[in-house]
**Student:** 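The structure that follows is given in the form of structure tokens.
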Amino acid sequence: IDVPKNGYLSDESRKRGWECDRGYRVSDGSCIAIKVPKNGYLTNSAHGLGWACERGYQALNKDCVAIDVPSNGYLSDTSRRPGWECNRGYREYRDTCVAVKIPKNAHLDNSGHGWDCNRPFNRRQGQCVMP
């Protein structure tokens, strides 16, 4: 078995018999260095880029760019939006967080980003009215 530079023998590889050292990946029978951008770090994944961005940054092309968190927002790994969500009592509007306007006889809903009517009121045209 011809092991390339920056590689090592491995019985786990079904086809080649060798793997690349950490920080390198297989390319055309050799091990090439993974280029990790500023604010990035190596991952142990055999798939994808081989690197990920530090918290507060997101991958864009081959770079890690800072996530622009709006006022009344916070960094989040679970958001629909890339990297941030609005604080409780605020909702997303374009690239900002705006205060939830709660009408009379209403309260902030469980999500914290909308509102529900108090009982026995019903929602109608953005207001809470008696049934």
**Student:** Under the salt bridge (Lys or Arg N to Asp or Glu O under 4.0 Å) definition, can you give me all pairs with a residue in residues 102-118, not counting sequence neighbours?
**Tutor:**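 Sorted result for residues 102-118: empty, none.
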**Student:** So which residues get pulled into Tyr8's cluster when ILVMFWY side chains under 4.5 Å apart are joined, directly or through others?
**Tutor:**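 Cluster partners of Tyr8: none, it stands alone.
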**Student:** Which residues satisfy the side chain to side chain contact (heavy atoms under 4.5 Å, CB included) test with Arg88, sequence neighbours excluded?
**Tutor:**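 Per chain and number, Arg88 pairs via side chain to side chain contact (heavy atoms under 4.5 Å, CB included) with Leu108.
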**Student:** Would you give me the side-chain donor-acceptor pairs under 3.5 Å for residues 56-74, sequence neighbours excluded?
**Tutor:**
none

**Student:** side-chain contact (heavy atoms from CB on, under 4.5 Å) between Cys53 and Tyr41: does it pass, once the steps are laid out?
**Tutor:** CA-CA 6 Å; Cys53 294; Tyr41 60 90; 5.9 Å; no
**Student:** Can you pull out every salt bridge (Lys or Arg N to Asp or Glu O under 4.0 Å) where at least one residue sits in residues 39-59? Sequence neighbours excluded, please.
**Tutor:**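 Listed once each, the pairs are Arg55-Asp77.
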**Student:** According to side chain to side chain donor-acceptor pair (under 3.5 Å), who are the partners of Asn110, at least two apart in sequence or on a separate chain?
**Tutor:**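 By the side chain to side chain donor-acceptor pair (under 3.5 Å) rule, Asn110 matches no residue at all.
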**Student:** Check residues 118-131 and write down every donor-acceptor pair under 3.5 Å in which the side-chain atom is one partner and the other belongs to a residue at least two apart or another chain.
**Tutor:**
residue: Asn118; atom: OD1; partner: His107; partner atom: ND1; Å: 2.6
residue: Asn118; atom: ND2; partner: Asn105; partner atom: O; Å: 3.4
residue: Arg123; atom: NH1; partner: Trp115; partner atom: O; Å: 3.0

**Student:** Quick check: does any side chain N or O of His113 sit under 3.5 Å from a backbone N or O of Tyr90, one acting as donor and the other as acceptor?
**Tutor:**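 Yes, His113 side chain to Tyr90 backbone: donor-acceptor pair under 3.5 Å.
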**Student:** Would you give the length of the straight line joining atom CZ of Arg16 to atom CG of Asp2, rounded to the nearest 0.5 angstrom?
**Tutor:**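 Separation between the atoms: 13.0 Å.
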**Student:** Show the atom names and distances, to 0.1 Å, of all donor-acceptor pairs under 3.5 Å that link a side chain in residues 25-39 to residues at least two apart or in another chain.
**Tutor:**
residue: Arg25; atom: NH1; partner: Gly48; partner atom: O; Å: 2.7
residue: Arg25; atom: NH2; partner: Gly48; partner atom: O; Å: 3.2
residue: Ser30; atom: OG; partner: Ser27; partner atom: O; Å: 2.9

